[in-house]
Amino acid sequence: MPTTTPGHPADAHRPDHDPSGPLALPEGVATAAQVARAAEHDGKVADYIAPLAEVDPSRFALVASELDGTEHLDGDVDEAFAIQSVSKVYSLVLALQAADAGSGVEEELWCRVGREPSGDPFNSLVQLEHEHGIPRNPMINAGALVLDDVLLDPLDDPVAATCELLSELCGEEIGLDERILRAEQSTSHRNRSLAPLMADFGNLRNDVEAVLDSYIGACAISMSSRQLARAPRFLANGGVDPSTGRRVLAAPLARRVAAVMLTCGTYDAAGEFAFSVGLPCKSGVAGSIVALAPDRLVVCAWSPPLDAAGNSVAARIALHELAERCGLSVF
Ligand code: GLN
């Protein structure tokens with residue numbers, strides 16, 4: 001006689017232990033959006049980039065984009081905003097594409113930028129001095145500046161190359177938010193402190209201003225939540241864009257990008273995200289968070305007010321609710 005093992009009583013509150021099973025995506029998205037909206041006034045909109053401070057904090061979007069192209073949508077899904085640090089995922093993708101083309105290049109890349117969580121804010125300077133100008137990972141500002149330096153060797157214009165890749169993945173033209181670009185070009189004091197320090201340690205090899213231009217341009221790329229959920233589906237599909245069948249990245253490299261997103265993509269809150277969402281995530285300071293559910297879908301949640309770590313409060317709640325209710329966690 002087959003036997004069944006009753007679940008632990010402590011699991012009884014978990015939606016994925018509901019005997020009726022996980023929710024279907026349409027209901028999951030609607031319910032997660034409703035729960036998250038209740039928190040849309042918690043947190044604080046980033047104001048160190050002036051145009052971000054003018055955004056209506058009650059804007060909210062939640063998109064689940066399945067590999068077969070089916071989309072589940074709630075809220076302001078077509079409103080565009082600057083992708084900010086989500087661009088760091090694409091800088092890593094382009095750097096790994098370039099590394100894949102030349103032997104030994106990937107090893108060199110990982111000598112110049114680590115793959116450990118930093119435990120510090122995304123724009124912190126303190127570790128760099130102690131760690132000889134080698135950033136902890138590519139998902140923080142210092143790490144992305146190193147990637148931008150790496151990309152200036154094989155590419156004439158890394159920002160244009162990023163927009164070209166994103167346009168292909170979205171099937172729509174992707175460009176820059178000129179107001180954000182100008183605002184960050186005239187400020188970016190933190191990044192203007194990080195870059196020369198790394199150059200002094202020999203870890204930036206191109207002109208520091210050219211590296212900063214690439215970094216700032218990538219942060220100003222403008223996309224909607226719908227586009228942000230659509231573009232990285234290749235990372236949830238073994239490196240192959242499910243719309244076109246084109247291989248964007250070798251499967252082991254796509255896994256590495258996802259691993260770095262899980263451990264480092266939400267900065268000092270990556271542990272909390274692994275615990276409460278259970279998906280590789282990347283956040284941006286304009287309030288978006290993109291999450292990969294391997295072999296299934298990509299989610300983008302957007303709400304401008306941020307917590308102290310620089311991650312959107314309501315977007316994190318939306319991802320937690322959706323992952324729990326629909327059983328998406330990778331664990
Ligand atoms: N452009 C922002 C900066 O350099 C990006 C930071 C972020 O999105 N976390 O500070």
Side-chain angles (χ1 to χ4, degrees), residues 43-55 80-92 113 117-128 135-149 158-159 162-163 166 176-198 204 208-209 211-223 225 228 232 260-261 263-270 272-273 281-291 300-313 315-316:
K44 192 171 168 298
V45 174
D47 56 8
Y48 72 98
I49 301 167
L52 291 183
E54 295 165 19
V55 173
F81 49 84
I83 68 171
Q84 294 291 347
S85 277
V86 179
S87 63
K88 293 173 170 72
V89 171
Y90 295 96
S91 300
L92 180 58
V113 57
S118 70
D120 270 322
F122 60 80
N123 54 6
S124 174
L125 284 148
V126 291
Q127 269 167 356
L128 273 186
R136 278 285 176 100
N137 68 70
M139 299 288 114
I140 53 176
N141 292 15
L145 285 160
V146 171
L147 293 181
D148 290 321
D149 184 57
V159 180
T162 311
C163 288
L166 288 168
L176 303 190
D177 180 322
E178 295 293 334
R179 284 188 72 216
I180 295 282
L181 181 69
R182 282 195 297 275
E184 291 206 77
Q185 275 168 342
S186 62
T187 54
S188 279
H189 304 304
R190 281 272 169 174
N191 300 319
R192 290 183 196 286
S193 309
L194 292 164
L197 182 60
M198 290 190 289
L204 290 191
V208 168
E209 283 305 318
V211 175
L212 282 163
D213 276 352
S214 281
Y215 173 85
I216 290 167
C219 288
I221 290 171
S222 175
M223 292 172 78
S225 303
L228 272 170
V260 171
M261 289 171 69
T263 53
C264 311
T266 49
Y267 322 116
D268 201 17
E272 175 59 30
F273 270 79
C281 291
K282 183 73 202 89
S283 63
V285 82
S288 64
I289 308 179
V290 171
C300 176
W302 175 52
S303 167
L306 309 178
D307 63 18
N311 300 310
S312 165
V313 177
R316 185 187 64 75

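Position 1 is the first residue of the sequence, and the numbers go up from there. Whatever order the structure lists them in is the order used to number ligands and atoms, beginning at 1. Just so it is clear, the model here is predicted, and its values are computed rather than measured.
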Tabulation required: pairs of a nitrogen or oxygen in ligand 1 and a protein nitrogen or oxygen under 3.5 Å; columns are atom names and distance to 0.1 Å; otherwise 'none'.
residue	atom	partner	partner atom	Å
ligand 1	1 (N)	Gln84	OE1	2.5
ligand 1	1 (N)	Glu184	OE1	2.7
ligand 1	1 (N)	Glu184	OE2	3.2
ligand 1	4 (O)	Asn141	ND2	3.1
ligand 1	4 (O)	Asn191	ND2	2.9
ligand 1	4 (O)	Tyr215	OH	2.8
ligand 1	8 (O)	Ser85	N	3.1
ligand 1	8 (O)	Ser85	OG	2.8
ligand 1	8 (O)	Val285	N	2.8
ligand 1	9 (N)	Ser85	OG	3.0
ligand 1	9 (N)	Tyr267	OH	2.9
ligand 1	10 (O)	Tyr48	OH	2.7
ligand 1	10 (O)	Asn141	ND2	3.3

- Message: Can you tell me how far apart CE (Met198) and CG (Leu128) are? Round to the nearest 0.5 Å.
- Response: 6.0 Å
- Look at the aromatic rings of Phe122 and Tyr267 and report parallel, tilted or perpendicular, splitting at 30° and 60°. tilted
- Query: Would a distance-only check, ignoring hydrogens and angles, find a side-chain to backbone donor-acceptor pair under 3.5 Å from Trp302 to Ala286?
  - Reply: yes
- Message: Tell me if a side-chain donor or acceptor on Ser312 pairs with a main-chain N or O of Ser303 at a distance below 3.5 Å.
- Response: yes
- Would you please name every residue forming a salt bridge (charged side-chain N to carboxylate O under 4.0 Å, His left out) with Arg182, sequence neighbours left out? none
- Under 3.5 Å, is there a donor-acceptor pair between the side chain of Arg190 and the main chain of Ser124? no
